[in-house]
Amino acid sequence: MPELPEVEVVKRSLEKNIINLIIKKVIINTNKLRYKIEKKKIKKIITKKILSIKRRSKYLIINLENKKSILVHLGMTGKFFIMNNDNKTKKTSFYYELNQGDEKHNHIIFHLSKNTKLIYNDVRKFGFIKIILTKDLLENSHLKLLGPEPFSKKFNLIYFKKYIIRKKRKIKDILMDQNFVSGLGNIYVNEILFFSKINPKKSVEKLKSGEILRIIKFTKKILLNSIRKGGSSIKDFNDGLGKKGVFQQEFKVYSREGKKCHRKNCSELIKKFNISNRSTFYCQRCQK
DNA sequence: CTTGCAGCCTGAATGC
DNA sequence: TGCATTCAGGCTGCAA
């Protein structure tokens, strides 16, 4: 599932592969992702050059020369493939593999110059692609209310304390809230709380400064580490039908229900329960 | 204002 | 074996 690190690696892959290329043609195989594709707007980006790629939270922004931008969210299963003139499908990130039969879910295909194709594939169609004016990005409803990026200086102790004041929500809930801090999803939040030794159920009003500082520190550390590993695993843009470029992510708690806690000298089994209808994994001995 | 939750979608895993 | 059900997940928009 693409969270901030996965999306960041897509961004870097796209930067390497499609900058300065021109959009020649766009094939729409599936008209409706999360939102209906506006064909009129798609028409207007034909012949335009791709100037830059940005990321905000889990969103990708592809800036074009005609003052328009393509705003992309990958949802749960969205992924971009690149195809060059060798006709081999290549991955743009580390969170998925290439499989036979993927083409079935190739919903949108951008034909670019230099015989390059950018393919949007999405099994569950939770993602979306919208064309908007670049100048309207900041006011866009998807982006407007997003909290600070986890790496930014704004995500600090003072901000944290101010946000949670008089709130009684669980810490896991707050970390999942994109308006508090943007880019985290269920997997990384589980991991962050394990490393921070905080019980996901803990009410934010009970958090001590030291605990908050741990959360902030590990958030940055865990995300950075994933970007680094994931980025290096696909740096050669291998087609995943071989085994190269596959980075098996290792999680400490996520999806490890009933397995032994990885912390030294702890033999507790990882427990699973729901918070806000999301799977939550933790070690009840290590996380208080 | 804040918080909670249904619904969008498909395929894999599980249940009977 | 095969059919039916459940689960996974981010985000929006509405209800309480």
Side-chain angles (χ1 to χ4, degrees), chain A residues 1-8 10-11 28-38 55-61 71-80 93-108 120-130 132 137 139-147 149-150 162-193 200-205 219 223 226 249 251 253-259 270-281:
Chain A
M1 289 109 257
E3 302 182 27
L4 189 152
E6 290 80 1
V7 178
E8 175 63 24
V10 174
K11 181 227 168 196
I28 300 170
N29 292 326
T30 307
N31 187 23
K32 203 164 171 278
L33 297 176
R34 180 173 182 124
Y35 304 112
K36 203 175 161 200
I37 313 275
E38 296 180 84
R55 179 190 61 74
R56 171 77 172 103
S57 182
K58 303 172 196 172
Y59 295 85
L60 285 165
I61 296 154
L71 179 64
V72 181
H73 194 286
L74 301 168
M76 301 273 319
T77 53
K79 53 200 83 157
F80 275 117
S93 195
F94 58 92
Y95 61 93
Y96 61 92
E97 295 185 36
L98 291 178
N99 296 301
Q100 300 287 345
D102 278 343
E103 317 80 56
K104 182 163 62 164
H105 303 293
N106 286 351
H107 302 311
I108 302 177
Y120 181 75
N121 179 292
D122 189 346
V123 171
R124 291 184 203 167
K125 298 178 186 161
F126 273 24
F128 68 80
I129 289 183
K130 281 183 178 178
I132 56 176
L137 274 172
E139 286 303 306
N140 180 273
S141 61
H142 298 288
L143 306 179
K144 193 178 177 180
L145 298 175
L146 288 176
E149 292 279 319
K162 205 171 171 186
Y163 192 91
I164 64 177
I165 196 161
R166 282 186 292 275
K167 288 198 168 67
K168 291 180 178 173
R169 297 163 69 188
K170 298 177 178 69
I171 179 58
K172 186 178 181 231
D173 239 3
I174 289 278
L175 291 175
M176 295 283 290
D177 186 341
Q178 302 300 305
N179 298 334
F180 169 58
V181 60
S182 63
L184 304 180
N186 197 36
I187 295 176
Y188 286 104
V189 169
N190 274 295
E191 296 297 293
I192 289 162
L193 290 173
K201 279 182 270 199
K202 190 159 188 163
S203 170
V204 288
E205 60 187 344
T219 298
L223 296 181
S226 246
Q249 267 178 300
F251 300 118
V253 286
Y254 182 77
S255 199
R256 292 194 67 247
E257 183 185 18
K259 296 186 177 158
I270 301 302
K271 283 219 157 60
K272 177 189 175 186
F273 67 104
N274 275 4
I275 289 180
S276 305
N277 228 8
R278 292 282 173 265
S279 301
T280 304
F281 302 86

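Numbers restart at 1 for each chain; the letters A, B, ... are given by sequence-line order, proteins then strands. All heavy atoms count here, side chains included; hydrogens, waters and symmetry mates do not.
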Taking the side chain of A:Glu3 as heavy atoms from C-beta outward, which of B:dC9, B:dG11, C:dG10 is closest to it?
C:dG10
Does the plane of the ring in A:His73 sit parallel, tilted or perpendicular to the ring in A:Tyr59? Use 30° and 60° as the thresholds.
perpendicular
Rounded off to whole Å, could you give me the NZ-to-P distance for the A:Lys130 and C:dT12 pair?
8 Å
Evaluate side-chain contact (heavy atoms from CB on, under 4.5 Å) for A:Ser203 paired with A:Arg169, printing each intermediate quantity in order.
CA-CA 6 Å; A:Ser203 170; A:Arg169 297 163 69 188; over 6 Å; no
For A:Lys144, answer base if it contacts any base atom (sugar-phosphate contacts may also be present), sugar-phosphate if it contacts only those atoms, and nothing otherwise; contact means non-hydrogen atoms under 4.0 Å.
nothing
As a quick check of understanding, evaluate side-chain contact (heavy atoms from CB on, under 4.5 Å) for A:Tyr188 and A:Leu4, giving each step before the final call.
CA-CA 9 Å; A:Tyr188 286 104; A:Leu4 189 152; over 6 Å; no
Considering only heavy side-chain atoms of A:His142, the closest of B:dG11, C:dT12, C:dC11 is C:dT12
May I ask you to decide if the ring planes of A:His107 and A:Tyr120 are parallel, tilted or perpendicular, using 30° and 60° as cut-offs?
tilted
Can a side chain N or O of A:His105 be found less than 4.0 Å away from OP1 or OP2 on B:dC9?
no
Test A:Leu143 against A:Leu71 for side-chain contact (heavy atoms from CB on, under 4.5 Å), laying out the working first.
CA-CA 10 Å; A:Leu143 306 179; A:Leu71 179 64; 4.2 Å; yes
Given atom CZ of A:Phe128 and atom P of C:dC11, what is their separation to the nearest angstrom?
9 Å
Mind checking if A:Tyr35 touches a base, just sugar-phosphate, or nothing, with heavy atoms under 4.0 Å?
sugar-phosphate
Measure from CD1 on A:Ile164 to P on B:dC1 and round the result to the nearest Å.
21 Å
Does A:Gln178 have a side-chain nitrogen or oxygen under 4.0 Å from the phosphate oxygens OP1 or OP2 of C:dG10?
no
Closest non-hydrogen atoms of A:Val253 and A:Asn190, given as atom of the first, atom of the second and distance, are CG2-O, 3.5 Å
Closest to the A:Lys104 side chain, choosing from C:dG10, B:dG11, C:dT12
B:dG11
Measure from CG on A:Leu4 to P on C:dC11 and round the result to the nearest Å.
11 Å
Intra- and interstrand pairs of DNA chain C - dot-bracket, Watson-Crick/G-U under 3.5 Å, | marks other strand
.|||||||||||||||
Kindly write out the residues that satisfy side-chain hydrogen bond (donor to acceptor under 3.5 Å, both in side chains) with A:Lys36, not counting sequence neighbours, or none if the list is empty.
none
Find the distance A:Leu74:CG to C:dG10:C1' and express it as a whole number of Å.
11 Å
Within less than 4.0 Å of OP1 or OP2 of B:dT10, is there a side-chain N or O belonging to A:Lys125?
yes
Between OH of A:Tyr96 and P of B:dG11 the distance, given in whole Å, is 18 Å
When you measure from the side-chain N and O atoms of A:Lys272 to the phosphate of C:dA8, is any distance below 4.0 Å, counting only OP1 and OP2?
yes
Under 3.5 Å, which protein N or O atoms sit close to an N or O of nucleotides 3-7 of chain B? Give each pair with its distance.
from  : atom 1 : to       : atom 2 : distance (Å)
B:dT3 : OP2    : A:Arg169 : NH1    : 3.4

Donor-acceptor contact present, side-chain A:Asp173 to main-chain A:Ile275, <3.5 Å:
no
Close side-chain approach of A:Tyr96 and A:Asn121, heavy atoms under 4.5 Å
no
